[in-house]
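Below is one structure, written out as C-alpha cells; the observations come after it.
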Amino acid sequence: REERREDMIKALEFATKMHEGQVRKYTGEEYITHPVAVADIVEAYLDKKGFAEEEIMTAIEVAILHDTVEDTVATMECVEGFFGPEVAKGVWFLTKTPDYVGNRKFRKELCEARLREAPEIIRIIKTCDMFHNSLSIEEHDPKFWNLFKEETVSLLIAMDTLEVMGELEEMRNNDEI
C-alpha cells in the first residue's frame, strides 16, 4: 500500500514537471491543477461507488497523468517505462488523436470509437475529466459551451456514462466534490 502511495506521488511529480509553465485556458491557473482536480473527482466517485482501493489508486495515477502525452513532451513509452503498462494503457485511451491524423470531426470520431471500447474505469476517468472541463467552459466561454455540451453528450452516450455525469452533478450539488 505504501508503494502505491509512492507511485501516486511519483505520478504527481512527473505530471507537475511535464506541465510546468502551462496554464489553464480560461482561468490562467497552473495547468497541473486540472489533472489534480480530475484525480480528486475520480477518487471521490470511485470510493462512493465501492471500487477496490487498488483500482482507485491506479485510477488516480491515470487521472494525474491523463494529459501528459497529449499536452507535453512526454511519450507513451516514457509513461509505460515509469508507471507500467496498466497506467500507460489508461493514458493511451485518454490521449486525443493527433492533428496530423485528420480533421477535427474525424479525430473526434476516432477518439469516440476508442473510448467506447475502453475499460469502465477509464470511461469514468474521461467523464470526470469532461465534468471538470465543463465547469470552466460554462463559466468563461458561453459561445463554445453549446458545442461542448453537444459533443460531451455524444461522447457520454458512446461511452455509456451519461448516468455517471448525472451522478457527478449530484455529488457537486451535495458538496461531495
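Values reported hereafter were calculated over all heavy atoms of this structure, with side chains retained and with hydrogens, waters and symmetry mates removed.
Linking Ile, Leu, Val, Met, Phe, Trp and Tyr residues whenever their side-chain heavy atoms come within less than 4.5 Å leaves Leu147 and Leu162 in two separate clusters. If you chain together hydrophobic residues whose side chains sit under 4.5 Å apart, Leu135 and Tyr45 fall into the same group. The hydrophobic clustering, which links ILVMFWY residues whose side-chain heavy atoms are closer than 4.5 Å, places Ile60 and Ile121 together. Under the 4.5 Å side-chain heavy-atom criterion for Ile, Leu, Val, Met, Phe, Trp and Tyr, Leu110 and Leu156 are members of distinct hydrophobic clusters. Under the 4.5 Å side-chain contact rule for hydrophobic residues, Tyr100 and Val69 do not share a cluster.
A pairwise comparison of heavy atoms in Val62 and Gly90 identifies CG1-C, 3.7 Å as the closest pair. The nearest pair of heavy atoms linking Pro35 to Ile32 is CD-O, 3.2 Å. The minimum heavy-atom distance between Val79 and Ala88, with the atom names listed, is CG1-CA, 3.9 Å. In this structure, Phe93 and Leu115 approach most closely via the heavy-atom pair O-CD2, 3.4 Å. Taking each heavy atom of Lys96 and Glu70 in turn, the nearest pair found is N-OE1, 2.9 Å. For Leu65 against Ala11, the heavy-atom pair with the smallest separation is CD2-O, 3.7 Å.
Ion pairing between a basic and an acidic side chain is recognised when a charged N comes within 4.0 Å of a carboxylate O; Glu13 and Lys17 show no such pairing. Glu61 and Arg4 are joined by a salt bridge, as a carboxylate oxygen and a charged side-chain nitrogen come within less than 4.0 angstrom of each other. Here Glu112 pairs with Arg116 in a salt bridge; the nearest charged N to carboxylate O distance falls below 4.0 Å. Ionic pairing of Arg104 and Glu151 is present here: one or more N-O contacts between side-chain nitrogen and carboxylate oxygen are shorter than 4.0 angstrom. Of the charged side-chain nitrogens involved, none lies within less than 4.0 Å of a carboxylate oxygen, so that Lys48 and Glu167 do not count as a salt-bridged pair.
Annotation: side chain of Met57 is in contact with side chain of Glu54 (closest heavy-atom distance under 4.5 Å). Side-chain contact between Lys89 and Pro119 is present, with heavy atoms from C-beta onward closer than 4.5 Å. Side-chain contact check for Met159 versus Val164: every heavy-atom pair is 4.5 Å or farther apart. With contacts defined as side-chain heavy-atom distances shorter than 4.5 Å, the pair Phe51/Glu120 qualifies.
Within the model, atoms CG of Asn133 and OG1 of Thr152 stand 8.5 Å from one another, a figure rounded to the nearest 0.5 Å. Rounding to the nearest 0.5 Å places CG of Leu12 at 12.5 Å from CG of Asp7. In this structure, CD on Glu139 lies 11.0 Å from OG on Ser134, to the nearest 0.5 angstrom. In this structure, OG1 in Thr127 is found 11.0 Å from CD1 in Ile41, a value given to the nearest 0.5 Å. The NZ atom of Lys126 sits 13.5 Å away from atom CZ of Arg123, with the distance rounded to the nearest 0.5 Å. To the nearest 0.5 Å, atom CE of residue Met130 and atom CG of residue Leu155 are 4.5 Å apart.
Below 30°, between 30° and 60°, or above 60°: for Phe148 and Trp145 the angle between ring planes is below 30°, a parallel geometry. Using cut-offs of 30° and 60° on the angle between ring planes, the pair Tyr26 and His140 is parallel.
In this structure a side-chain-to-backbone donor-acceptor pair under 3.5 Å is missing from Asn174 to Glu176. With Arg107 contributing its side chain and Gly102 its backbone, the two residues share a donor-acceptor pair below 3.5 Å. Counting only distance, with no hydrogens or angles, the side chain of Thr33 and the backbone of Glu30 share a donor-acceptor pair below 3.5 Å. Of the possible polar contacts, none joining the Asp47 side chain to the Glu43 backbone as a donor-acceptor pair under 3.5 Å is found.
For Gln22, the CD atom is densely surrounded, since the number of other residues' heavy atoms within 6.0 Å is greater than 12. A 6.0 Å sphere centred on CG of Asp141 holds more than 12 heavy atoms belonging to other residues, nucleotides or ligands. Atom CZ of Phe144 has more than 12 heavy atoms from other residues, nucleotides or ligands within 6.0 Å.
For the side-chain contact (heavy atoms from CB on, under 4.5 Å) criterion with His66, the lone passing option out of Leu94, Val42, Val91, Asp71 is Leu94.
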Query raised in the report: Would Thr72 and Glu20 count as a side-chain contact (heavy atoms from CB on, under 4.5 Å) if you check the C-alpha gap in whole Å, the side-chain angles of each, and the deciding distance to 0.1 Å?
Result: CA-CA 9 Å; Thr72 78; Glu20 195 174 343; over 6 Å; no
Requested in this report: Mind running side-chain contact (heavy atoms from CB on, under 4.5 Å) on Thr97 and Arg114 for me, showing each step along the way?
Outcome: CA-CA 10 Å; Thr97 306; Arg114 182 174 54 212; 4.0 Å; yes
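A cation-pi arrangement is present between Lys10 and Phe83, with the terminal nitrogen or guanidinium carbon under 6.0 Å from the aromatic centre and inside a 45° cone about the axis.
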